[in-house]
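Written out below as structure tokens is the structure these notes cover.
So you know, we letter chains A, B, ... as the sequences are listed, proteins then strands, and number each from 1.
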Amino acid sequence: MWASCCTHRHHCHPLVHHLPFFPTHHEPPHFFLFHCVYSSFPRHHHAAAAAAAPLHSAAPAVGSNNHLIQSLCRQGNLKQALRLLAKEPNPTQRTFEALILSCARRRGDDAPSLGVAVHRRLVDDGFDQDPFLSTKLIDMYSEFGAVADARQVFEETCDKTIFVWNALLRALAVADEGEEAFPLLRKMVAAGTLPDSFTYSCMLKACVGMSSHLALAPTRIRELHAHALRHGFVPRVHVATTLLDVYAKIGDIAYARNMFDDMPNKNVVSWSAMIGCYARNERAFDGLRLFQEMLLVPAENAPNAVTMVSTLQACASLAALEQGRMLHGYLLRRRLDVILPVTNALIAMYAKCGRLEAGRRVFAGAGGRRDVVSWNSLISGYGMHGHGEDAVCTFEDMIAAGVRPTAITFVALLGACSHAGLVHAAQQFFVSMGRDHAVVPRAEHYACMVDLLGRAGRLEDAAAVVEGMRIEPGPTVWGALLGACRIHGAVELAERACKRLFELEPSNAGNYVLLADVYAGAGMWGEVGRVKKLMEARELQKLPGCSWVEVRRRMYAFTAAEEAAPLAEQLLALLCKLVAEMKEEGYVPDTRFVLYDLGQEEKERILLGHSEKLALAFGLINSGAGEVIRITKNLRLCEDCHSVTKFVSKFANREILVRDVNRFHHFRDGRCSCGDYW
DNA sequence: GTAGGGTTAG
């Protein structure tokens with residue numbers, strides 16, 4: 001995650017990587033810099049709402065219903081439009097277009113059948129060979145996920161214009177049948193139709209939309225890229241942006257950035273694609289930096305709702321609360337806060353930055369605009385803060401409000417139950433999801449149940465869930481079981497889970513570390529060594545622990561202290577002093593999972609250098625008495641750090657909020673909100 | 001008459 005900040009390693013203190021949001025050296029204090037940049041935000045408002053679709057100029061016969069049908073379609077009154085259609089002897093091409101678009105846009109179970117009805121009528125009226133309408137029909141069927149129907153329309157259209165070809169290519173890409181697009185492209189060229197820039201965009205998207213042949217994607221993308229270069233399509237901003245995005249989606253972030261830097265005519269979409277790429281690839285810091293750069297470009301490229309969603313995600317993943325609040329201010333000024341995906345990303349951002357209450361207020365402010373994603377965001381927010389009962393109540397409110405839950409709702413809900421230890425409730429929801437809500441349990445849901453039962457100490461029940469699964473247990477499920485084994489020191493079961501995990505995801509270092517933890521906890525040092533050797537042989541490295549803390553609008557990141565450094569010494573000295581006092585109060589260092597066969601004292605020394613403790617000590621020294629210390633960690637919080645933080649919250653009389661990779665821990669007065677159950 | 005970036009979980 002910190003690859004970006006570490007590019008500054010040579011300029012920074014070896015242990016404290018400053019994480020300013022604008023990491024130039026010799027920079028002014030951040031407070032001023034923020035102000036300076038934020039006050040220079042473009043003040044103009046974008047052409048807020050797109051102009052209404054122009055009225056079609058085709059002139060139907062006087063007295064016909066065509067205009068009225070088209071108008072009803074635009075208003076979304078499809079049923080009424082269809083009733084009029086039945087009475088209309090001469091529907092025009094424009095009328096059918098309006099009807100098809102209206103069906104495609106319609107949200108509701110009846111949309112496909114209405115679409116088929118329109119299609120039938122169109123055939124009856126002799127429009128089945130109209131390539132314009134074929135294109136629209138292909139798009140419509142694609143929207144319904146009915147690729148076979150889209151293909152049939154395509155096959156039956158004799159006059160295959162480039163629009164018709166592109167529509168089917170697009171449909172295949174969207175339907176994750178991208179591999180089918182390649183033979184189709186060859187057929188198209190053989191039939192004498194040359195690809196245009198739309199074709200390139202569709203084909204490139206098809207490369208990432210072929211999950212079964214994803215390994216082929218990089219080669220295919222490079223081939224298309226070369227082809228597009230030879231034919232002069234890369235300077236087109238749409239093609240270049242698609243290239244940027246697909247390189248990002250196959251994980252080639254450096255190349256995506258190359259594309260971005262080489263684009264002479266970047267627009268909002270190009271900027272958003274690049275920021276989004278960083279936000280989703282653990283380069284949130286670079287994403288925020290790019291956003292700041294974007295604010296300095298000409299106003300016609302000012303950030304829009306899509307840009308803001310990605311930027312909010314970047315803030316959320318860093319837990320950069322102050323930055324997030326400034327983004328919120330910017331959204332309000334630009335009136336972007338009323339756009340639902342932005343609202344939803346804002347709810348999630350506040351929850352992930354530790355301000356659940358602010359997220360809840362945003363949710364409340366959304367009133368009637370809420371959708372299922374807003375509810376999911378709030379439920380998961382309650383979950384990650386350990387408020388299981390609030391999550392359950394929110395779910396019930398959602399059902400009462402008539403919002404249909406999705407698979408994600410249940411991931412969030414079951415996760416919330418897991419964090420709060422609500423075993424019985426979770427079991428009931430698990431049964432009810434399929435029975436009452438028609439949501440088929442997926443691997444993630446089983447993983448939640450395994451995790452939940454495992455944490456509750458019901459390891460055998462957790463294993464039974466895995467055995468009884470109706471689908472093949474994937475790495476998430478086995479991983480959850482392995483996590484449970486670590487908590488309960490179940491060596492044999494851990495070995496069984498790892499046997500599968502090492503086959504399923506041989507390069508995931510985390511699994512090896514968990515297994516080593518289990519062995520270390522059981523004192524099986526020979527086995528610990530064996531796991532370490534296996535990791536070495538496979539060239540895997542444990543993801544280094546990293547914690548960061550925001551102090552006075554600036555981020556400070558810490559990795560584990562392994563070598564003497566002036567600041568680390570200062571922090572370690574403070575920790576030593578605290579630990580000595582804590583020991584008198586009954587603190588016993590938890591050295592079970594130190595993966596070195598060392599003496600007690602050396603193990604304790606290693607524990608003391610954990611990144612979270614350094615961040616904690618730094619926060620204690622550098623913040624005022626009443627301030628909450630907010631720490632974020634890239635891994636799960638270790639048992640010893642957890643118990644030390646509890647002590648410190650009491651000793652120093654401070655509230656400490658720690659976000660680990662799974663959830664929040666709210667420490668106050670010697671206790672943690674997780675109830676030692678995480 | 002087509003298109004490129006996005007919301008929640010893991």
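Every pair passing salt bridge (Lys or Arg N to Asp or Glu O under 4.0 Å) that includes a residue from residues 390-405 of chain A is listed here, sequence neighbours excluded: D109(A)-R404(A). Screening residues 371-384 of chain A for salt bridge (Lys or Arg N to Asp or Glu O under 4.0 Å) gives no qualifying pairs among residues at least two apart or on separate chains.
Using a 4.5 Å heavy-atom threshold, the side chains of F182(A) and L224(A) count as touching.
Every residue two or more places apart in sequence or in another chain that forms a ring pair (Phe, Tyr, Trp, His ring centres under 6.0 Å) with Y446(A) is listed here: F430(A). For S432(A), the side-chain contact (heavy atoms from CB on, under 4.5 Å) partners are R435(A), D436(A), H437(A), not counting sequence neighbours. Considering only residues two or more places apart in sequence or on other chains, H119(A) meets the ring pair (Phe, Tyr, Trp, His ring centres under 6.0 Å) condition with Y141(A). Under the ring pair (Phe, Tyr, Trp, His ring centres under 6.0 Å) criterion, H238(A) pairs with no residue at all, not counting sequence neighbours. Residues passing the salt bridge (charged side-chain N to carboxylate O under 4.0 Å, His left out) test with E155(A), sequence neighbours excluded: none. With sequence neighbours excluded, the residues that form a ring pair (Phe, Tyr, Trp, His ring centres under 6.0 Å) with H385(A) are F664(A).
On the nucleic acid side, DNA chain B contacts chain A at distances under 4.0 Å to non-hydrogen atoms, with the end points of that region at dG1(B) to dG10(B).
The stretch residues 344-356 of chain A comes close to DNA chain B through N344(A), A348(A), K352(A), each having a heavy atom under 4.0 Å from the strand. Residues from residues 130-138 of chain A with heavy atoms under 4.0 angstrom of DNA chain B, sorted by number: P131(A), F132(A), T135(A), K136(A).
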Could you list the donor-acceptor pairs under 3.5 angstrom formed by side chains in residues 474-486 of chain A, with sequence neighbours left out?
{"unit_1": "R486(A)", "atom_1": "NE", "unit_2": "D517(A)", "atom_2": "OD2", "d": "2.8"}
{"unit_1": "R486(A)", "atom_1": "NH1", "unit_2": "E639(A)", "atom_2": "OE2", "d": "2.9"}
{"unit_1": "R486(A)", "atom_1": "NH2", "unit_2": "E639(A)", "atom_2": "OE1", "d": "3.3"}

